[in-house]
Amino acid sequence: MKILAVNGSPRKGWNTSQMLESALKGAASLGAETEMVNLYELEPFTGCRSCFACKYNNESCYGKCGWQDGLTPLLEKIKTVDAFVLGSPVYLSDVSSGVRALLERMIFPVLQYTNDRKSLFTGKIACGLVLTMNVPRHMMVRMHYNRPDGPLCMAQRFLGHYYGSCEMLCACDTYQFDNYADYVCTMFDAGHKAEMREKQFPKDLQKAFDFGKLLISQAEKHHK
């Protein structure tokens with residue numbers, strides 16, 4: 001089993017990255033081969049350019065993203081793994097712009113313009129979506145981040161439908177700064193944030209570890 005994690009946060013080594021690293025450790029505990037890619041190190045890249053090369057009636061390009069940039073090697077690599085976990089911070093109620101670009105380039109080429117809308121991807125990948133956010137869990141619910149037709153759940157549904165399956169894991173009320181006193185952020189209680197970092201985030205990392213194990217288990221089911 002091979003699992004690929006993509007850190008869709010511009011910040012390396014912070015919440016999203018740490019959650020993904022824990023997920024990979026969980027997958028490795030079951031014997032999986034692991035790899036991490038930092039998405040923003042692949043810049044420059046863009047989202048879908050509406051060139052429609054992937055819809056052209058030609059065997060060499062149909063179903064494949066025709067735009068060549070920093071995402072091109074990653075798009076090919078994703079198709080070769082058994083499990084894939086994509087991590088993103090939540091910005092303005094959605095994934096980061098880099099993750100949005102990747103999702104557009106992953107989904108649109110394999111989405112058929114036919115009545116059945118079946119996937120052109122013939123394999124099955126156990127996908128996972130790991131989301132980190134500054135808001136506490138009750139605010140996540142109040143702001144409808146988890147509504148079925150919202151952008152976060154839609155990303156999960158797209159990955160599941162077009163690539164095999166997809167699970168989602170959220171870490172809320174995350175720590176944003178090394179020192180809150182250095183920033184204008186009076187809407188936050190620095191003491192509360194420090195307590196959440198100390199007491200809750202280790203629990204989130206354990207959930208991520210278990211999440212990685214879950215993805216490998218689902219990948220094994222796809223191969224049966």
Side-chain angles (χ1 to χ4, degrees), residues 1-9 12 15-42 45 54 62-65 69-89 95-96 98-112 116-132 152-171 204-224:
M1 290 285 120
K2 183 174 182 179
I3 181 170
L4 172 67
V6 174
N7 175 27
S9 170
K12 292 190 294 183
N15 304 312
T16 305
S17 178
Q18 290 177 43
M19 290 285 285
L20 292 176
E21 288 170 358
S22 189
L24 291 183
K25 289 177 182 177
S29 73
L30 296 181
E33 179 184 348
T34 67
E35 181 180 358
M36 170 91 88
V37 172
N38 289 297
L39 182 61
Y40 282 85
E41 289 183 346
L42 306 181
F45 59 81
C54 62
Y62 183 58
K64 302 173 185 177
C65 182
D69 61 15
L71 288 184
T72 302
L74 177 60
L75 292 171
E76 291 304 310
K77 180 177 289 188
I78 290 170
K79 295 177 181 178
T80 69
V81 300
D82 303 291
F84 169 66
V85 56
L86 176 59
S88 177
V95 294
S96 69
V99 168
R100 174 67 190 188
L102 174 60
L103 288 171
E104 289 178 2
R105 300 276 295 279
M106 283 182 66
I107 302 300
F108 191 64
V110 299
L111 183 162
Q112 291 194 72
D116 56 20
R117 299 183 184 179
K118 289 185 178 179
S119 176
L120 288 170
F121 179 65
T122 57
K124 279 195 173 183
I125 299 174
C127 299
L129 189 60
V130 171
L131 303 172
T132 63
L152 303 178
C153 289
M154 287 300 294
Q156 179 188 12
R157 288 170 59 187
F158 279 134
L159 286 171
H161 181 75
Y162 290 104
Y163 279 88
S165 64
C166 186
E167 301 291 337
M168 185 162 65
L169 176 66
C170 298
D204 292 330
L205 292 177
Q206 180 59 51
K207 290 178 181 178
F209 183 91
D210 296 336
F211 192 70
K213 294 172 65 175
L214 172 65
L215 293 181
I216 295 304
S217 297
Q218 291 192 339
E220 290 172 345
K221 290 179 182 178
H222 288 329
H223 283 278
K224 290 182 178 179

*Asks:* What is the minimum heavy-atom distance between Leu75 and Met106, and which atoms define it?
*Replies:*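 Nearest pair, atom of Leu75 first, then Met106: CD2-CG, 3.7 Å.
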*Asks:* Does some side-chain heavy atom of Phe45 sit less than 4.5 Å from a side-chain heavy atom of Leu39?
*Replies:*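 Touching, per the 4.5 Å side-chain cut-off.
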*Asks:* Which residues pass the ring-ring contact (aromatic ring centres under 6.0 Å, His included) test with Phe209, not counting sequence neighbours?
*Replies:*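 Phe209 satisfies ring-ring contact (aromatic ring centres under 6.0 Å, His included) with no other residue.
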*Asks:* Grab the two heavy atoms, one from Ala219 and one from Asp82, that are nearest each other, plus how far apart they are.
*Replies:*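 Distance-wise, the nearest heavy atoms are CB-O, 3.6 Å.
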*Asks:* Could Glu21 and Lys25 be called an ion pair, given the rule that one side-chain N must be under 4.0 Å from one carboxylate O?
*Replies:*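 Salt bridge: no.
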*Asks:* Could you tell me the separation between the NZ atom of Lys77 and the CG atom of Leu71, rounded to the nearest 0.5 Å?
*Replies:*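 Here the rounded value is 12.5 Å.
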*Asks:* Look up atom CG in Leu24 and atom OG1 in Thr34, then write down how far apart they are to the nearest 0.5 Å.
*Replies:*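 Interatomic distance, Leu24 CG to Thr34 OG1, rounded to 0.5 Å: 5.0 Å.
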*Asks:* Atom NZ in Lys2, atom CD in Glu33: separation rounded to 0.5 Å?
*Replies:*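 Reported value, rounded in 0.5 Å steps: 5.0 Å.
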*Asks:* Is there a side-chain contact between Asn7 and Met36 (heavy atoms, below 4.5 Å)?
*Replies:*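 Answer yes - side chains close enough.
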*Asks:* Scan Asp69, Ile78, Leu74 and name whichever one has a side chain to side chain contact (heavy atoms under 4.5 Å, CB included) with Arg105.
*Replies:*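 Option passing the side chain to side chain contact (heavy atoms under 4.5 Å, CB included) with Arg105: Asp69.
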*Asks:* Taking all non-hydrogen atoms of both residues into account, name the closest pair between Leu120 and Gly63 and its distance.
*Replies:*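 That would be CD1-CA, 3.7 Å.
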*Asks:* Working to the nearest 0.5 angstrom, can you tell me the gap between Cys54 SG and Leu111 CG?
*Replies:*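 Cys54 SG to Leu111 CG: 8.5 Å, rounded to 0.5 Å.
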*Asks:* Side chains of Leu20 and Leu86: does their closest heavy-atom pair fall under 4.5 Å?
*Replies:*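 No, every pair of side-chain atoms sits at 4.5 Å or beyond.
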*Asks:* Starting from the C-alpha separation in whole Å, work towards a yes-or-no answer on side chain to side chain contact (heavy atoms under 4.5 Å, CB included) for Leu103 and Leu159.
*Replies:* CA-CA 8 Å; Leu103 288 171; Leu159 286 171; 4.0 Å; yes
*Asks:* How far does CD1 of Ile107 sit from OG of Ser119, to the nearest 0.5 angstrom?
*Replies:*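 If we round to the nearest 0.5 Å, Ile107:CD1 and Ser119:OG are 8.0 Å apart.
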*Asks:* Quick one: does any side-chain atom of Ser96 pair with a main-chain N or O of Gly8 as donor and acceptor, under 3.5 Å?
*Replies:*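 Yes, Ser96 side chain to Gly8 backbone: donor-acceptor pair under 3.5 Å.
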*Asks:* Check whether Ser22 reaches the backbone of Gln18 with its side chain - one donor and one acceptor, N or O, closer than 3.5 Å.
*Replies:*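 No.
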*Asks:* Any non-hydrogen side-chain atom of Cys153 less than 4.5 Å from a side-chain atom of Met168?
*Replies:*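 Yes, close enough: below the 4.5 Å cut-off.
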*Asks:* Kindly determine whether Tyr163 and Val110 satisfy side chain to side chain contact (heavy atoms under 4.5 Å, CB included), including the steps that lead there.
*Replies:* CA-CA 9 Å; Tyr163 279 88; Val110 299; 4.1 Å; yes
*Asks:* With a 4.5 Å limit on heavy-atom distance, are the side chains of Gln112 and Tyr62 in contact?
*Replies:*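 Yes, their side chains come closer than 4.5 Å.
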*Asks:* Please identify each residue that fulfils side-chain contact (heavy atoms from CB on, under 4.5 Å) with Gln218, with sequence neighbours left out.
*Replies:*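 Testing Gln218 for side-chain contact (heavy atoms from CB on, under 4.5 Å), a comparison that skips the adjacent residues, returns Ala126, Ser165, Glu167, Leu214, Leu215.
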*Asks:* Considering all heavy atoms of both residues, which atom of Cys166 and which atom of Gly160 are nearest to each other, and what is their separation?
*Replies:*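 Reported closest heavy-atom pair: CB-N, 3.6 Å.
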*Asks:* Nearest heavy-atom pair of Ile3 and Ala32: which atoms, and what distance?
*Replies:*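 Taking Ile3 first and Ala32 second, the nearest heavy atoms are CG2-CB, 4.3 Å.
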*Asks:* How long is the span from the CZ atom in Phe108 to the CZ atom in Phe158, to the nearest 0.5 Å?
*Replies:*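 The CZ atom of Phe158 is 11.0 Å from CZ of Phe108, to the nearest 0.5 Å.
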*Asks:* Could you walk me through whether Met19 and Leu205 pass side chain to side chain contact (heavy atoms under 4.5 Å, CB included), step by step?
*Replies:* CA-CA 6 Å; Met19 290 285 285; Leu205 292 177; 3.9 Å; yes
*Asks:* Side chain to side chain contact (heavy atoms under 4.5 Å, CB included), that's the test. Do Val6 and Phe84 meet it? Break it down for me.
*Replies:* CA-CA 8 Å; Val6 174; Phe84 169 66; 3.5 Å; yes
*Asks:* Report yes if the side chains of Leu152 and Val95 come closer than 4.5 Å at any heavy-atom pair, otherwise no.
*Replies:*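 Yes, their side chains come closer than 4.5 Å.
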*Asks:* Indicate yes or no: at least one non-hydrogen side-chain atom of Leu30 is less than 4.5 angstrom from one of Met1.
*Replies:*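 No. Closest side-chain heavy atoms not under 4.5 Å.
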*Asks:* List for me each residue that meets salt bridge (Lys or Arg N to Asp or Glu O under 4.0 Å) alongside Lys64, sequence neighbours excluded, and say none if there are none.
*Replies:*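 Listed in chain order: nothing, the list is empty.
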